[in-house]
Amino acid sequence: MQVDVNFLGEPRLWVEQKEKTLGKNKLEALLFYLLFQEEVDRDEVASVFWPMHDSNKGKSSLRNSLYEIRQILGFDLFSASTRDKILLDRNILLFKDVDELVEAHAKGEYRDYPSHIFMQNKDLKNNPVYESWLLSIRNAYQNILLNNLRAQLLRVQQSGRGPEIVAIARQILETEPYDEDTLRILMQYYADNQQYNDAMAVFKRMKDLLKDELMVEPEPETLKLADFIQFRKVQTEVNPVTGFQSSRLLMNLTQEYQSFLNGSSLRHVVIFGEPGSGRTDLIQSFLDPLNLKTVSIRLDSPNQKIPEGFLLKWAREFQGKGQEDFRKLLLHLPEKPLICVIENLEYIDNKSLIYLTDFLSSSQNRIFFILEATREFLRRNDSIALLVQNDNLSQIEVPLLSRAELHHYLQSCVEKDNRVWSEDRFEEVYEHSQGNLLLAREYLNPTGQAERLFLRLTAGLSEEEKSLLEACSIYTTGFTPQMLRIHTQEPGSLMKILRSLLMRGLLSEENELLRIKYPPLQKWLYDQLPGFYRTHLHELAAGNTAGLNLSRRQESQYQAMHWKMARHTGKFLYHHLREVEQTLNLFDQMYPTDIEPDDLPEHFHQNSRQYDDQLKTLVQQVNEYCESSSGPDAVKMELISNYLMGRHLIAGGKREDGIKLIHEVIRRSKFANDPEYLLKGYIEVVHYGIQKDDMDLMGRYIKLAEELNERMEWGTDQRKRAEVLRLSGLYEYNIGNLEAGLEKLIQADDILKQSWYRKTGFLARAGTLNYIGHIRKTLGDLSGADAAYQESIGLVNGKLHKCLDILYADYGRFLWENNRIDEADGILEKALTEYQILGTHWKRPATEAILGLIAVSRKDSRKARTHLVNAQIFHRADHRKGEEELIRQLSHAVRVRQKN
């Protein structure tokens, strides 16, 4: 029989997809209480629902209520009950939405629910015991939900998914209205998108709430952010002419002109920035409202001369003194000074540049010059630099648009056309253009300007520079100088060329990687390469990875990408499988080896769903390839594919499906004589045995792994031997052979602490030391155990979060068992923090129970009750042996404390 129960919001019950109701509030409260607990003492139920009755009368009322529930429903949900306990029928398949909430928290997922209140409107008047239980459960699930929402908020904030930021932040603030961290994220998002009124509105709402209800001011960080947003609201109004330029740049240009006009300054202006950044738009925004006579010229090719008419206009200001190359201008000057604009100054010829600099440095000139140039031209031109140094020329930089500025500009464009864009579409344009206004406009309405921009960007490159830039175009995710050494005949000049390309604005640098600055420029360069030459470049890159300083995962990813682009399907799939296997090592809590700390993606534990989809797609591709291919390579790929999917299923909770695949891997590995995956198969069965608490299975497969290790040398890499020793030591400990277990663990530690394993074996060593701590504790060597626990934590802390939850939990329990209560409290609280970060709950019920017992000892009943509820919730998710006793101790202590 399938039973579905919703506890969040108004509780609802479905039996075989038909909704059932009782029509009586107290009976429904009792029914949902029992369904939530699944197994509970009759005494406890009676004390919760009939606290004013003595024990016998309370049990009698309980029996009568259970009978009434059966009569209304027409069947017995609790037919497995005994004299002392109420038990759910063992044949019932029970699904609870709160269990989904716990699992969503573990996976970093967000699911929307009609309400976030546990058993809403199922309060019982004049029953403080039931109300206390209900409140504690509500608080527990509210905390789980809030931690889930906060983790999700950080993830969407990092990915820039704006509408989700607003939706999630508002839900958090509805549940926790004083959460200023979330408020600041929301305010910052609004400010980045120039929604200043919205930002100040949510700030004012929080400020009023804090003042009225708590009589406090917002935190200094919140006040500082509010002041900054208010300042930006006043100072950064959008220019109505162009729709994107901030008033700051236009104001600077206007002030320079006014100073020139009234004689307080003789400075001209050079406006510089990346080609396509909007320099011309800024100049036009300045000129349009002035309605002055303006002379403009646009230089379009290198070494271009200024037309004679321009020279005459300049010469007029010199009045013929000392300038034999100039002729006097016979025209009278207009009443208002002339404005002269020269675009693309980098193309000017040397003679014209000399005339220009002489004129700009003259104190007699009355023509205001606006020059437009690239940053690279200004950097390498001494004449212009001298003008700036002598205060004859002022510089105004037009930077590329920020995400928020481009978003605002695009929003105004699409609104004019009555279109609606998603946040992903805006982000797509930003990734395409990197804030370059011309490229963004080309994305909206292609006119061919982009290719002209690329021709301009690449004009004047030497053959060596152009050849290297073409080679750079095959690296879509970035590259290092080491990767490019295979593409140049003179490695010594490589850094000089790269610096030149970077200064020209053709390359950008981010997170120690170089890349072609604009994706469409990279594609344009790549598409121009002949097909055979592209393939050659990719083959060259894939086959030369030595000295690239990549982790094994990064190297496999690098090779897979290039073999794919070179159309070598088999090699691509093989290296992609290797990459995915090394990625799985990041997510699989049972597999602590092979982790390289400098290869960990930020918040890697939140990306497991993306990895799930990637693995399924890859397995399908491998199966299709193997159907049409034969030979040892195809056999190997199918072997790896089955191994990865088996591990993934076991780690994801589908243990029985996963172990079938692992046994198939073992069978095929024997047939193919592949000791690497035969050993991996044995180890995965051992992990399965740990999860099933099957010591017999563990023992059999550890013995097989040990026998295989004895037959194989494994070369200089002894990590496989260390892993088998580690698991063997754990097995000996579990069956009570403490001395034998300690000996094997010490052997594993001796291997892993060698200097060449410090980078890739530190996590396996931390797990080994943790087990050593367990055994030394059991043997009575408390100081040795304490040292082992602390060293295990020290190896991981500050590098990554994976396994820190277990390490803190085990050490905290050790401290508590040895009556070091204050230390235990601090360490176990750290364990809870790690559980929240990772979304895991292995050993969390015991951690919560111990913290609850500590709270009881400190007479903090409320905190003890909270930990009890959490322990019960997470124990239902794990059902791990050995934790029930701690939970029972805490439950009894809480009841005694409440009675007293």
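Because only heavy atoms are used, hydrogens play no part in the values below, and waters and symmetry mates are left out as well, while side chains stay in. Given the structure is predicted, the values throughout are model-derived calculations rather than measurements.
Looking at E579, its side chain never comes within 3.5 Å of a backbone N or O of R553 through a donor-acceptor pair. Judged by distance alone, with hydrogens and angles left aside, the side-chain atoms of R719 form no donor-acceptor pair with the main-chain N or O of L752 at under 3.5 Å. Using modelled atom types, no side-chain atom of N737 and backbone atom of A740 make a donor-acceptor pair closer than 3.5 Å. Counting only distance, with no hydrogens or angles, the side chain of T768 and the backbone of A764 share a donor-acceptor pair below 3.5 Å. Formation of a donor-acceptor pair under 3.5 Å by the S728 side chain with backbone atoms of V724 is not found in this model. For the pair N797 (side chain) and I793 (backbone), a donor-acceptor distance under 3.5 Å is absent. Not one N or O on the side chain of R655 forms a donor-acceptor pair closer than 3.5 Å with the backbone of Y688. With S628 contributing its side chain and Y625 its backbone, the two residues share a donor-acceptor pair below 3.5 Å.
Contact annotation: the side chain of Y808 never approaches that of T847 to less than 4.5 Å [non-hydrogen atoms, C-beta and beyond]. Between L832 and L828, the closest side-chain pair of non-hydrogen atoms is not below 4.5 Å. L88 is not listed as a side-chain neighbour of V3, based on a closest heavy-atom distance of 4.5 Å or more. A 4.5 Å side-chain heavy-atom check between H648 and L644 finds every atom pair outside the cut-off. Contact annotation: the side chain of Y789 approaches that of N770 to within less than 4.5 Å [non-hydrogen atoms, C-beta and beyond]. Side-chain contact between I806 and D810 is present, with heavy atoms from C-beta onward closer than 4.5 Å. Side-chain contact check for L727 versus I690: some heavy-atom pair is nearer than 4.5 Å. I775 places none of its side-chain heavy atoms less than 4.5 Å from the side chain of T778.
Taking each heavy atom of L513 and G478 in turn, the nearest pair found is CD2-C, 4.3 Å. The two residues G773 and A785 make their nearest non-hydrogen contact at O-CB, 3.3 Å. The nearest pair of heavy atoms linking S792 to L807 is O-CD1, 3.7 Å. For the pair L697 and G689, the tightest heavy-atom approach, listed with the atom from each and the gap, is CD2-CA, 4.1 Å. The shortest non-hydrogen separation linking P845 to A871 is O-CB, 3.5 Å. Summarising the geometry of M483 relative to Y475, their closest heavy-atom pair is O-OH, 3.4 Å, with the distance given to 0.1 Å.
Look at E723 and R726 and you find a salt bridge, because one of the NZ, NE, NH1 or NH2 atoms lies within 4.0 Å of a carboxylate O, short of that distance. Salt bridge status for E676 with K636: present, with a side-chain N to carboxylate O gap under 4.0 Å. Ion pairing between a basic and an acidic side chain is recognised when a charged N comes within 4.0 Å of a carboxylate O; E656 and K660 show no such pairing.
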Going through the checks in order, is the salt bridge (Lys or Arg N to Asp or Glu O under 4.0 Å) test met by E834 and R844?
-> CA-CA 10 Å; E834 297 300 324; R844 180 168 180 174; over 6 Å; no

Could you give me the CA-CA distance, side-chain angles and deciding distance for K703 and E706, then say whether salt bridge (Lys or Arg N to Asp or Glu O under 4.0 Å) is met?
-> CA-CA 5 Å; K703 185 176 181 181; E706 288 175 331; over 6 Å; no

Check step by step if side-chain contact (heavy atoms from CB on, under 4.5 Å) holds for E581 and Y643.
-> CA-CA 9 Å; E581 179 176 352; Y643 168 71; 3.7 Å; yes

Would R578 and E555 satisfy salt bridge (Lys or Arg N to Asp or Glu O under 4.0 Å), going step by step from the backbone distance to the final call?
-> CA-CA 9 Å; R578 286 294 197 180; E555 183 175 337; over 6 Å; no

Could you go through the side-chain contact (heavy atoms from CB on, under 4.5 Å) check for F671 and V635 one step at a time?
-> CA-CA 10 Å; F671 180 79; V635 171; over 6 Å; no

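Atom CD of Q559 sits about 4.5 Å away from atom OG1 of T545, to the nearest 0.5 Å. Annotation: the span from I702 atom CD1 to I683 atom CD1 amounts to 9.5 Å, rounded to 0.5 Å. We find the CD1-CD1 distance between I650 and I659 to be 4.0 Å, quoted to the nearest 0.5 Å. Rounded to the nearest 0.5 Å, atoms CG (L639) and CG (L678) are 9.5 Å apart. Separation of atoms CG (D657) and CE (M645) is listed at 11.0 Å; rounding is to 0.5 Å. M637 contributes atom CE, which lies 12.5 Å from atom NE2 of H576 (distance to the nearest 0.5 angstrom).
H562 and Y558 have perpendicular rings, their planes meeting at more than 60° on a 0 to 90° scale where under 30° would count as parallel.
Annotation for K96: atom NZ counts as buried by contact number, over 12 foreign heavy atoms lying within 6.0 Å. Enclosure of atom NZ in K830 is not indicated, since only 12 or fewer non-hydrogen atoms of other residues, nucleotides or ligands lie within 6.0 angstrom. When the shell of 6.0 Å around CZ of R485 is examined, it contains more than 12 heavy atoms from other residues, nucleotides or ligands. In the displayed structure, E512 atom CD is contacted under 6.0 Å by at most 12 heavy atoms of other residues, nucleotides or ligands.
Residues E539 and H568 bring a donor and an acceptor atom of their side chains to less than 3.5 Å of each other. Side chains of Q790 and D786: a donor-acceptor N/O pair is present below 3.5 angstrom, by distance only.
Figure legend: cation-pi geometry between K680 and Y677, with NZ or CZ positioned under 6.0 Å from the six-membered ring centre and within 45° of its axis.
Evaluated for a ring-ring contact (aromatic ring centres under 6.0 Å, His included) with H538, the options Y526, F532, W563 yield exactly one hit, Y526.
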